[in-house]
Amino acid sequence: MQRLLYIDPGTGSMLFSLCIGLVTTLIFAVRVIELKLRFILSGGKAQKLSSNKIPYLIFSDHKRYWNVFKPICDEFEKRKIYLVYYTQSEDDPIFTAGYEYVNPTFIGEGNKGFVKMNMLNAGTVLSTTPGLDVLQWKRSKTVDRYIHIPHSCDIEGYRMFALDFYDAVLCTGQHQVDFLNKIEELRPGTKRKEKMIAGATFFDGQLSHVSTLSRHDFNEEKPVVILAPSWGKNSVLARYGERLIDSLVKTGFEIIVRPHPQSFMAEKEMIDSLMLKFPEVEWNRDNDNLAVLNRADMLITDFSGIMFDWSFLFDRPFMYTETDFDPSVYDAAWVDDKPWMIRASEEIGIKLDEKDFENLGKVILEAIKNRNLQDVRNRAKETYWQNHGNAAETIVDYMIKN
């Protein structure tokens, strides 16, 4: 009987999210009724809701997206245009940024923050958060327009329907525009969104930061290797985990493991076990990845977007592991092609086969010295990161003129 009543964690989480969504929708409905009653009881003389509308608002569900939003906030500040910034991280870097025209507010973590977002009264909302109107985060009836800004060059790796209910998407390159158009054609009833190639604020801002960092000196006797995977059942830690880290430790190299931030929540048991088994490894959790990447000579990843930070900002070769990537829960499942992130890793990276684990030290050193892919990386950079250096200005122009 106990077994029949068991609900797996994933299903339980989804059911919980659904319940929260229903509750927040009910709260919003009650709030709207309350406002209408107040208007009627006041004889129709109550101040209209639109008069309190926030013209421009950024919503960040985590402080790690500060690198996406900082250049945009800087541009609003430069133009002396007021901007409201809602964040779900109490220690978000914006609170120490010292802006005059950008007003930050901590709205609470998780569902508490989403309740506030679901009752928002604003003109334009800009966010990196996928899943609008799918689970907890609902479109507010008193928001005019929702704009999505990606936090990486990949959008095919979003969960299914992640961007369907946005009004516009600011793309990093034509590849994202093409994918969104294809999804809208293949999936009947999907909303036609505005798409604009805006560029990548996170690369624009980071590139200037990287230029100030002291160049890491390569030590062939003890190179620094960083393992930085994505998360989930298809990631390198889920597939190779202990065996790969053990092989890395045996090289005698300096090893840094930087799990995806989501792993510390969704895969806590696995991460805790690995951290306990390999105390000699540095486990990195920096909010900003630039400092730790600058220390490294080689990056090993799977299909994580960190490959682009490494390739485009540091211009160094990386290695990727083969994964049994299952696109069934992602938007990528709608197209016949291999997922874009997998294609991109094959294009600009060096494959690390499972058989290479036995001789990993030699394989890594050969990869570090590989110069064959530099031209390929440069072409990819021009293709997947367009409008270099002008993203923030382009985005603010779009927000205030549309």
(request) Please report the C-alpha distance between Y99 and D74 in whole Å, then the side-chain angles of each, then the deciding distance to 0.1 Å, and finally whether the side chain to side chain donor-acceptor pair (under 3.5 Å) criterion is met. (result) CA-CA 8 Å; Y99 291 121; D74 290 346; 2.5 Å; yes
(message) Run S140 and N118 through side chain to side chain donor-acceptor pair (under 3.5 Å) and show every step you take.
(response) CA-CA 5 Å; S140 170; N118 294 346; over 6 Å; no
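Listed for the K53 side chain is a donor-acceptor partner under 3.5 Å among the backbone atoms of T142. At distances below 3.5 Å, not a single donor-acceptor pair connects side-chain atoms of E156 with backbone N or O atoms of P339. No donor-acceptor distance shorter than 3.5 angstrom exists from the side chain of E280 to the backbone of V249, with no hydrogens or angles considered.
A 4.5 Å side-chain heavy-atom check between I107 and F59 finds at least one atom pair inside the cut-off.
Surrounding CD of E346 are more than 12 heavy atoms belonging to other residues, nucleotides or ligands, all under 6.0 Å away. Sparse packing is recorded around CD of E109, with 12 or fewer heavy atoms of other residues, nucleotides or ligands lying under 6.0 Å away.
With F165 as the aromatic partner, R145 does not meet the cation-pi criteria of under 6.0 angstrom to the ring centre and within 45 degrees of the ring axis.
D178 and Q174 form a side-chain donor-acceptor contact under 3.5 Å, judged by distance and modelled atom types alone. Judged by distance alone, the side chains of D144 and T124 never bring a donor and an acceptor atom under 3.5 Å apart. Judged by distance alone, the side chains of D302 and T321 never bring a donor and an acceptor atom under 3.5 Å apart.
In this structure, Y384 has its ring center under 6.0 Å from that of H175. Ring pair F203/W385: centre-to-centre distance below 6.0 Å.
Partner of K63 under the salt bridge (Lys or Arg N to Asp or Glu O under 4.0 Å) criterion, out of D91, D288, D286, D92: D91 alone. For the side chain to side chain contact (heavy atoms under 4.5 Å, CB included) with I226, the qualifying choice from I256, I300, V257, N289 is I256, the only one to do so.
Listed by first then second residue, pairs satisfying salt bridge (Lys or Arg N to Asp or Glu O under 4.0 Å) with a partner in residues 303-316 read D315-R377, not counting sequence neighbours.
The line from CD1 of I155 to OG1 of T172 is 8.0 Å long, rounded to the nearest 0.5 Å.
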Pair up each side-chain donor or acceptor in residues 348-358 with any protein partner under 3.5 Å, not counting sequence neighbours, and list the distances.
unit_1: E354; atom_1: OE2; unit_2: R243; atom_2: NH1; d: 3.3
unit_1: E354; atom_1: OE2; unit_2: R243; atom_2: NH2; d: 2.2
unit_1: D356; atom_1: OD2; unit_2: D353; atom_2: N; d: 3.0

